[in-house]
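All heavy atoms count here, side chains included; hydrogens, waters and symmetry mates do not. In this text the structure is predicted, and so the values were computed from the model without any measurement.
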Amino acid sequence: MKFDKNIKNYIYGELENPLSASFIDNYNPALGQVYSQIPDSDERDVHRAVKAAQRAFPTWSTIGVEKRFRILMRVADIIEQNLETFALAESMDTGKPLSLARKVDIPRAHANLRFFATSIMHFSAESHNMEKEAINFTLRSPLGVVGCISPWNLPLYLFTWKIAPALAAGNTVVAKPSEMTPMTAYLLAQACIEAGLPPGVLNIVNGFGHKAGQAIVEHDDVKAISFTGGTKTGRTIASIAAPKFKKLSLELGGKNPNIIYADCDFEKMMKTTLRSSFANQGQICLCGSRIFVERHLYPIFKEEFVKRVQKLKIGDPNSPKTDQGAVVSKAHMEKVLGYIELAKKEGGRILCGGEQKKVKGKFENGYFIKPTVIEGLAHDCRTNQEEIFGPVVTIMPFSTDKEVIKYANSTEFGLSATVWTQDITKAHSIAEQLEAGIVWVNTWMTRDLRTPFGGTKNSGVGREGGLEALRFFTEAKNVCIQF
Ligand code: NAD
């Protein structure tokens with residue numbers, strides 16, 4: 001496994017430079033320095049990748065599930081055996097703590113491959129019997145060449161979450177990682193070569209979204225697009241793919257409510273809320289950035305929460321003591337700091353954080369932000385409506401169920417929500433009324449890969465995970481046989 005400074009595309013089993021021969025600077029956000037180069041690919045590279053995927057499709061789609069299972073399991077094993085290299089690459093590319101990449105990102109990446117490699121061995125289709133008249137059965141065939149496009153916050157974790165079901169179901173893939181975090185996808189290409197994945201089955205094209213990404217979406221021979229990223233980008237992709245009648249799965253932004261009732265298990269809630277607010281510097285689409293606390297618990301919650309947030313250690317991503325690393329880029333840091341300024345203008349009081357963190361020594365040019373807690377804002381101000389995607393949360397008191405449901409459902413998003421209460425009847429009722437694709441009760445980020453994953457409203461279209469993903473990456477054909 002080669003940690004190369006010159007990242008290459010992976011097309012028809014070969015690592016190659018882009019046809020343009022031009023490259024994009026790749027930053028280490030904790031250092032604020034360029035540390036590698038990424039291919040600035042264009043539609044010509046995408047076209048080559050699609051051709052490669054088309055060549056590989058007839059064999060890969062008919063090779064049999066057991067052979068696909070074996071190869072995908074080998075790729076998973078190679079990632080696991082090289083956990084340290086992958087984790088270090090993920091941490092350098094994103095600025096996240098190495099401990100987080102080691103514990104969450106990389107284990108989840110090989111788990112994704114194993115999960116879908118084994119799922120396809122058990123995947124079956126429906127049969128509908130019309131008593132003495134006829135029988136229907138559903139054939140599920142791979143679609144052909146599919147496109148997978150992923151974001152920077154959980155790079156290999158989300159990249160494999162798409163690629164694994166697509167490949168397991170017998171499709172061939174043209175994939176693009178984020179131009180901000182391409183390193184682990186490059187290592188994945190090397191793992192695929194080592195595992196003996198046949199040429200053209202997976203092709204990875206690097207580059208900008210509006211160029212390489214859009215060329216994948218526009219290509220007539222790409223039959224489906226699985227996209228995770230921002231809502232605005234999702235809208236652009238939908239506008240290109242919909243008139244071409246491509247299958248489309250869109251996993252988009254969020255502005256998730258975290259609803260805390262006074263009867264909750266306070267210590268468990270506090271520990272989890274610290275994570276659900278600030279894990280990965282708040283750059284997880286599922287983070288609970290709007291915290292609603294039942295009014296009589298509010299003062300106690302506020303005091304204890306702020307105390308614990310102030311103790312979070314920010315800085316060197318390699319130190320095992322670090323809780324918070326850098327945010328992904330200078331532009332993103334400026335965007336997040338801009339939202340903190342907006343919150344102040346909207347009447348918010350900064351209880352802690354609220355500014356860039358200057359880390360001394362080696363990391364003095366890094367993009368660190370102090371974890372920030374804001375109170376005193378209305379539920380419908382811009383700070384509480386728009387996705388910030390950084391280490392910033394707002395806290396607000398509420399008095400009744402009706403009131404908190406109104407606040408929680410007031411945004412354009414509907415990805416996830418968290419509810420803290422010991423009252424199971426209340427939990428059930430609130431979960432039912434929340435406009436979200438995922439509701440966690442007394443937990444956060446507890447993930448069973450078999451469950452449907454996705455958002456409602458402007459948080460997305462379609463569901464990933466388990467059978468949903470295998471159904472997305474296959475075409476159903478009903479065959480009806482008369483007796
Ligand atoms: P982004 O939309 O800017 O980019 C995502 C990917 O799309 C990148 O690979 C980018 O190069 C590509 N892209 C950009 N423009 C494109 C175009 N016109 N055509 C094709 N591809 C294009 O998002 P981001 O900033 O990388 O990620 C952050 C966003 O992702 C946040 O909004 C976050 O909530 C969301 N997200 C959602 C989920 C989920 O499961 N719902 C998970 C993680 C992140």
Side-chain angles (χ1 to χ4, degrees), residues 9-16 46 48-81 109-127 137-148 156 159-176 185 187-205 216 219 221-226 246-247 249 449 464-477 479:
N9 289 335
Y10 171 50
I11 298 177
Y12 207 67
E14 302 286 334
L15 300 175
E16 59 176 51
V46 169
R48 274 172 56 69
V50 173
K51 285 276 162 242
Q54 281 179 317
R55 273 171 73 188
F57 181 71
T59 306
W60 182 250
S61 56
T62 54
I63 200 173
V65 285
E66 200 172 330
K67 289 210 172 109
R68 294 205 292 266
F69 158 83
R70 282 183 192 282
I71 295 177
L72 293 175
M73 293 295 269
R74 270 208 296 277
V75 178
D77 289 345
I78 294 168
I79 296 174
E80 190 169 23
Q81 284 152 14
H110 57 72
N112 286 338
L113 284 152
R114 291 202 180 99
F115 177 80
F116 285 109
T118 50
S119 297
I120 201 65
M121 299 283 280
H122 302 266
F123 190 45
S124 58
E126 311 80 20
S127 165
F137 58 90
T138 310
L139 285 177
R140 287 205 166 262
S141 322
L143 304 171
V145 180
V146 299
C148 297
L156 193 66
F159 201 54
T160 50
W161 180 235
K162 298 183 174 305
I163 288 168
L167 295 179
N171 302 282
T172 53
V173 174
V174 177
K176 194 193 89 62
L187 297 178
L188 173 70
Q190 296 174 42
C192 290
I193 294 170
E194 195 181 325
L197 188 75
V201 168
L202 171 64
N203 306 276
I204 301 176
V205 182
I216 298 172
H219 204 294
D221 295 328
V222 174
K223 302 296 174 201
I225 299 292
S226 175
K246 293 186 188 216
K247 268 187 128 176
S249 167
L449 303 188
E464 296 186 325
L467 295 177
E468 303 274 351
L470 295 177
R471 289 196 183 118
F472 174 76
F473 284 116
T474 51
E475 193 74 77
K477 181 192 286 172
V479 179

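No side-chain heavy atom of Arg70 sits under 4.5 Å from any side-chain heavy atom of Met73. Inter-residue side-chain proximity for Phe116 and Leu72 is flagged as unmet; no heavy-atom pair is nearer than 4.5 Å. At least one side-chain heavy atom of Val174 sits less than 4.5 Å from a side-chain heavy atom of Val50. Between Leu156 and Leu187, every side-chain heavy-atom pair lies at or beyond the 4.5 Å cut-off. The closest side-chain heavy-atom distance from Phe473 to Ser249 is not below 4.5 Å.
Under the 4.0 Å criterion applied to side-chain N and carboxylate O atoms, Lys162 and Glu464 are assigned as salt-bridge partners. Using a cutoff of 4.0 Å between basic side-chain nitrogens and carboxylate oxygens, Arg48 and Glu16 are scored as salt-bridged.
A distance of 13.0 Å separates OH of Tyr12 from NZ of Lys51, quoted to the nearest 0.5 Å. Note: Ile163 CD1 to Ile204 CD1 = 5.5 Å, rounded to the nearest 0.5 Å. Separation of atoms CG (Leu470) and CD1 (Ile120) is listed at 4.5 Å; rounding is to 0.5 Å. Atom CD1 of Ile79 and atom CZ of Arg114 lie 8.5 Å apart (nearest 0.5 Å). Phe57 CZ to Thr62 OG1: the interatomic distance, rounded to the nearest 0.5 Å, is 8.5 Å. Note that the NE2 atom of His219 and the CD1 atom of Ile216 stand 10.0 Å from one another [nearest 0.5 Å].
Between Val75 and Ala191 the shortest heavy-atom distance is CG1-CB, 4.4 Å. Shortest non-hydrogen contact noted between Ile11 and Ala49 is CG2-CA, 3.9 Å. Gly200 and Thr172 make their closest contact through O-CB, 3.9 Å (heavy atoms, listed as atom of the first residue, atom of the second, distance). Residues Ile71 and Gly196 approach most closely at CD1-O, 4.1 Å, considering heavy atoms. When all heavy atoms of Val173 and Cys148 are compared, the pair lying nearest together is CG1-SG, 3.9 Å. Minimum interatomic distance between Ser61 and Pro142 (heavy atoms only, all atoms of both residues): CB-CG, 3.8 Å.
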- request: Could you walk me through whether Leu15 and Ile193 pass side chain to side chain contact (heavy atoms under 4.5 Å, CB included), step by step?
  value: CA-CA 10 Å; Leu15 300 175; Ile193 294 170; 4.0 Å; yes
task: Go through the steps for Val145 and Asp221 under the test side chain to side chain contact (heavy atoms under 4.5 Å, CB included), then give the verdict.
output: CA-CA 7 Å; Val145 180; Asp221 295 328; 5.7 Å; no
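When atom types are taken as modelled, the side chain of Asn203 and the backbone of Ala175 share no donor-acceptor pair closer than 3.5 angstrom. Of the possible donor and acceptor atoms, one in the side chain of Asn171 sits under 3.5 Å from a partner among the backbone N and O of Gly144. Although no hydrogens or angles enter the test, the distance criterion places a donor-acceptor pair under 3.5 Å between the side chain of Trp60 and the main chain of Leu167. In terms of modelled atom types and a separation under 3.5 Å, the side chain of Lys247 and the main chain of Phe472 share a donor-acceptor contact.
Other residues, nucleotides and ligands contribute more than 12 heavy atoms inside 6.0 Å of the CZ atom of Arg74.
A cation-pi arrangement, defined by a distance under 6.0 Å to the six-membered ring centre and an angle within 45 degrees of its axis, is absent between Arg140 and Phe123.
Between Glu475 and Ser141, the side chains place no donor N or O within less than 3.5 Å of an acceptor N or O (distance only, hydrogens not considered).
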